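Taking it in order: structure first as structure tokens, then the write-up.
Predicted, not measured: the structure shown is a model, and the values here were computed from it. These numbers come from the heavy atoms of this one structure, side chains and all, not from hydrogens, waters or symmetry mates.
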Amino acid sequence: MKIRELWPLNSMTNFKRNTTWQPIIAVVVYFLLFTFLLSSGLFMSRLHIDLGEPSTQLIKAPWTKDIEDMDKYRQDQDAAAQAVKPIYKPDEDYIANVARDLSKAFMALQEAVNSKVEDPARITKLRQTTPFAALPDGILASLIKASPQLLDEKEQTATQLIMGNARGSDTGAREPGEVVTLRDRMKLDIDNAPMTDDFKVFLQAFVESKITHPTLLVNEQDTEKLRQTARASVKLEVHSYKAGQKIVGPGEIVDEGVMRVLAAYGLVENRSPWRSVAGIALIVLISMLSMILYARQYRRHIPQLLPKMILVGLSITLVLIIGKAIIALNLGGPQFNSLVGMLIPVAWATMTIAILVDPGTALLSSIILAVFVGILADPVVTTSFGLQVALVALFSGVIGVYSVSRLSQRSDLARAGLFIAAVNILTVSGIALTSGMGLSAWAVGILLGVVNGLASSVLTVGTLHWFEAGFHITSAIRLLELSNPNRPLLKRLLVEAPGTYHHSILVGNLAEAAAEIVEADAILVRVGAMYHDIGKLKRPYFFIENQFSQDNPHDKIAPTLSALIITSHIKDGLEMAREHKLPQSIQDIIAQHHGDSLVSFFYHKAIEENLEIPEETFRYEGPRPQTKEAALVMLADSVEAAVRSMKQATPGRIEGLVRKLIKDKFNDDQLNQCNLTFRDLDKIATAFVRVLSGIFHSRVEYPELPHKTEDAVPVLASEQEGGLDKGEENQIELDRGYTLDDTEDETKQDT
């Protein structure tokens, strides 16, 4: 994967030379910055002492703690395991081979005894079997004359003597050096056995030739069980230190035991920090690769992706810087100082990223930040403090994203702070219950969690404007502010061009309804629609919706001039937008909401006078819509104006006109540069029809009220019968601010 692919394709085209290395530089800078911030604490030793040198100061235990001598404990365990004598078992394979060879020897002897040939022939054949080849002829001549009935008995006796010694745990040979002793023991038992001398010589020769290896093997499984038992029997030495107890005094030699205690309190680092730095660098690298792969795979469609990823990195950096300052705070006690990391405002960064980038990226950032602040609180991961801080950071960050994912007003940010404070209280309470935290520490942790939530909300409100301005990003908060009717441009539009103002409101309703269906930015669409025609403020009376029974000035000028005036409201609108510093996204909608479409009314009027007049004179300058939002405003603008001009706006006629206008825009290639699909166009048409049918619904014709004449006497009489007399009726009419006579005059005037 190429990191520079994070930059959108159109930006790569426009700024290829300048931006090729920007993503790589950003990744390298943030990698070094994150690694430095997370590992810098490893190089800061609070005590300047060396092993084997006298201490220059009195060092006391900062709090009560049990120091476990883990190094000595492991050494004692290894010593106990090594002291265990191995358990042996017979080498069944080797002993089986010996037994088989002994059986072959007796079988050869049995065959020689039973043979009918001459003795020399029998002896010669017998020598072919071990160990008879090494025996003298006299012994062999005596053996072949043995009684066949006694051979089985002698074989059984020989097997018991030889195999019994070989298998015995006390008599068998464990090592090669014990094989000679085993053979001597076997020979001695054979010599003492009740058998003739020739058999003793035969069996001793067999032992000498066949017993050449150890007959016992180490039983690894049983031996390991004994070693584990020996390890478990070793007791861990625990040295209890009370708060304020002396660890080492001035001038005393700092031995390994003292150094171990100081390291347990975190006062010194008894190993090289570079190994921990390498581990932290790997974690940072994995985190950044996760973010890059996520953005590459799932967020390529986000405009200005590289600046937004730089914003994500900057937010994480600021949280880590604030976190380092918070970790250095002293709350008045070691048990409280371990909780100070819960103040780190991770939710501030995740809420900012959710508002300015997108919620998905913010959720991944919350996970990464939880890992980072956990390392920040405990770089060497020797205590549970880092895990506790990471849990608070994770849940507060996730809830912060959830709280602002559907932001509709600025007060939602204040409410988000309360949500974060609530989840921090629950998280701290869960940690307190599982870790056995004291009541006072619990209370302090809850207080820190509440402060964290409120501070995250305040920081988000205070910094959001600067992030928006610095990275040229328009947030939902900014758009909501611009939609306030009291904004100068909207107020002018309402007063000076009321027709255009109400037209813009209706366009916003149409476009917003469609935006929610096609997954466009509904807030941007609504606000863009409110400002899309602000250019008409310069010459409002030249636009039909603002004429109000006045003479149409276009009747007195040429069609080309009329078209120029009509199309110039785009240029005028952009000038006003820049003057009032409207966001670029709003300016884009203003510039693109007509594309390069044709001012058809004046074009047709012009060709009636001159058939050769060029069409380009009556087209807008463009550009065509580049985004879904600009295209929706274009379509809503055309549809609203056309449907308003219909005389009989029935639902069927409205739907037919809407679909025709959308088709005309498509055929005119006005939609070929935005990412709307045919399915989207169908959904847009359906949404437009639904909204317009609600606006132009049919109404009931109200009947005229009867006048106060003689014809109305029966009516009045019936009312009196219902309980009202003439005086009461007139009093009611006076209370309403008019009389029946007034009503009659108004009716005549309306007629």
Sorted by first residue and then second, give each salt bridge (Lys or Arg N to Asp or Glu O under 4.0 Å) pair with at least one member in residues 154-170; sequence neighbours left out.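 Passing the test, one end in residues 154-170: E92-R167.
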
Run I420 and F395 through side-chain contact (heavy atoms from CB on, under 4.5 Å) and show every step you take. CA-CA 8 Å; I420 296 167; F395 292 122; over 6 Å; no

Check the surroundings of atom CZ in F199: do more than 12 heavy atoms from other residues, nucleotides or ligands lie under 6.0 Å from it?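 Yes, because the 6.0 Å sphere around CZ of F199 holds more than 12 heavy atoms from other groups.
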
Would you sort out whether D358 and T361 count as a side-chain hydrogen bond (donor to acceptor under 3.5 Å, both in side chains), showing the intermediate values? CA-CA 6 Å; D358 80 300; T361 304; 2.5 Å; yes

Salt bridge check, K246 against E252: does any charged N sit closer than 4.0 Å to a carboxylate O?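 Salt bridge present between E252 and K246.
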
Tell me whether R74 is salt-bridged to D78, with the criterion being a basic N under 4.0 Å from an acidic carboxylate O.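 Looking at R74 and D78, the cut-off is not met.
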
Just by modelled atom types, is the [Y] backbone N or O under 3.5 Å from a matching donor or acceptor in the [X] side chain?
X	Y	result
Y30	T317	no
S142	G138	no
S366	G397	no
R185	T171	yes
R122	A112	yes

Going by salt bridge (charged side-chain N to carboxylate O under 4.0 Å, His left out), name the residues that satisfy it together with [X], two or more places apart in sequence or in a different chain.
X	answer
K145	none
D198	none
E220	none
D101	K210

Once ring pair (Phe, Tyr, Trp, His ring centres under 6.0 Å) is applied, do any residues pair with [X], and if so which ones, sequence neighbours excluded?
X	value
Y294	Y298
H213	Y94
F106	F202
F372	F34

Heavy atoms only: give me the nearest [X]-[Y] pair and the separation to one decimal.
X	Y	result
I95	P90	CD1-CB, 3.8 Å
Q204	K187	NE2-O, 3.3 Å
V392	S396	O-OG, 2.8 Å
V312	S365	CG1-OG, 3.6 Å
S429	I446	OG-CD1, 4.2 Å
F206	V98	CZ-O, 3.6 Å

Consider side chain to side chain contact (heavy atoms under 4.5 Å, CB included). Of V284, V373, L33, V371, which one does L38 pass it with?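 By the side chain to side chain contact (heavy atoms under 4.5 Å, CB included) criterion, L38 pairs with just one of V284, V373, L33, V371: V284.
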
Exercise: do N424 and T427 side chains pair donor with acceptor under 3.5 Å: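 Looking only at side-chain atoms, T427 and N424 do not form any donor-acceptor pair under 3.5 Å.
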
Checking E224 against Q228: is there a side-chain donor and acceptor pair closer than 3.5 Å?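 On atom types as modelled, these side chains qualify, holding a pair under 3.5 Å.
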
Please report the C-alpha distance between Q156 and D152 in whole Å, then the side-chain angles of each, then the deciding distance to 0.1 Å, and finally whether the side-chain contact (heavy atoms from CB on, under 4.5 Å) criterion is met. CA-CA 6 Å; Q156 183 177 0; D152 291 339; over 6 Å; no

Are the side chains of [Y] and [X] in contact, using a 4.5 Å heavy-atom criterion?
X	Y	value
P176	P214	yes
H239	V261	no
E175	L216	no
V346	L394	no
V218	I87	no
L135	L143	yes
V357	M309	yes
I247	K60	no

L188: side-chain contact (heavy atoms from CB on, under 4.5 Å) partners, not counting sequence neighbours: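 Checked L188 against side-chain contact (heavy atoms from CB on, under 4.5 Å); matches are N192.
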
With sequence neighbours left out, what residues match A390 under side-chain contact (heavy atoms from CB on, under 4.5 Å)?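 Partners of A390 by the side-chain contact (heavy atoms from CB on, under 4.5 Å) criterion come out as none, since no residue qualifies.
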
Which pairs count as side chain to side chain donor-acceptor pair (under 3.5 Å) when at least one residue sits in residues 102-111, sequence neighbours excluded?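 Of all non-adjacent pairs touching residues 102-111, those that pass side chain to side chain donor-acceptor pair (under 3.5 Å) are E111-K125.
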
If you round to the nearest 0.5 Å, how far is [atom2] of [Y] from [atom1] of [X]?
X	Y	atom1	atom2	value
I280	R275	CD1	CZ	13.0 Å
S40	L376	OG	CG	7.5 Å
N219	K89	CG	NZ	5.0 Å
Y88	T223	OH	OG1	8.0 Å
L126	L109	CG	CG	6.0 Å
T215	E178	OG1	CD	9.0 Å

Test side-chain contact (heavy atoms from CB on, under 4.5 Å) on Q388 and M342; report intermediate values, then the result. CA-CA 8 Å; Q388 295 174 3; M342 296 180 182; 4.2 Å; yes

Could you walk me through whether I344 and N452 satisfy the side-chain contact (heavy atoms from CB on, under 4.5 Å) test, starting with their C-alpha distance in whole Å, then the side-chain angles of each, then the deciding distance to 0.1 Å, before giving a yes or no? CA-CA 7 Å; I344 301 176; N452 183 337; 5.6 Å; no

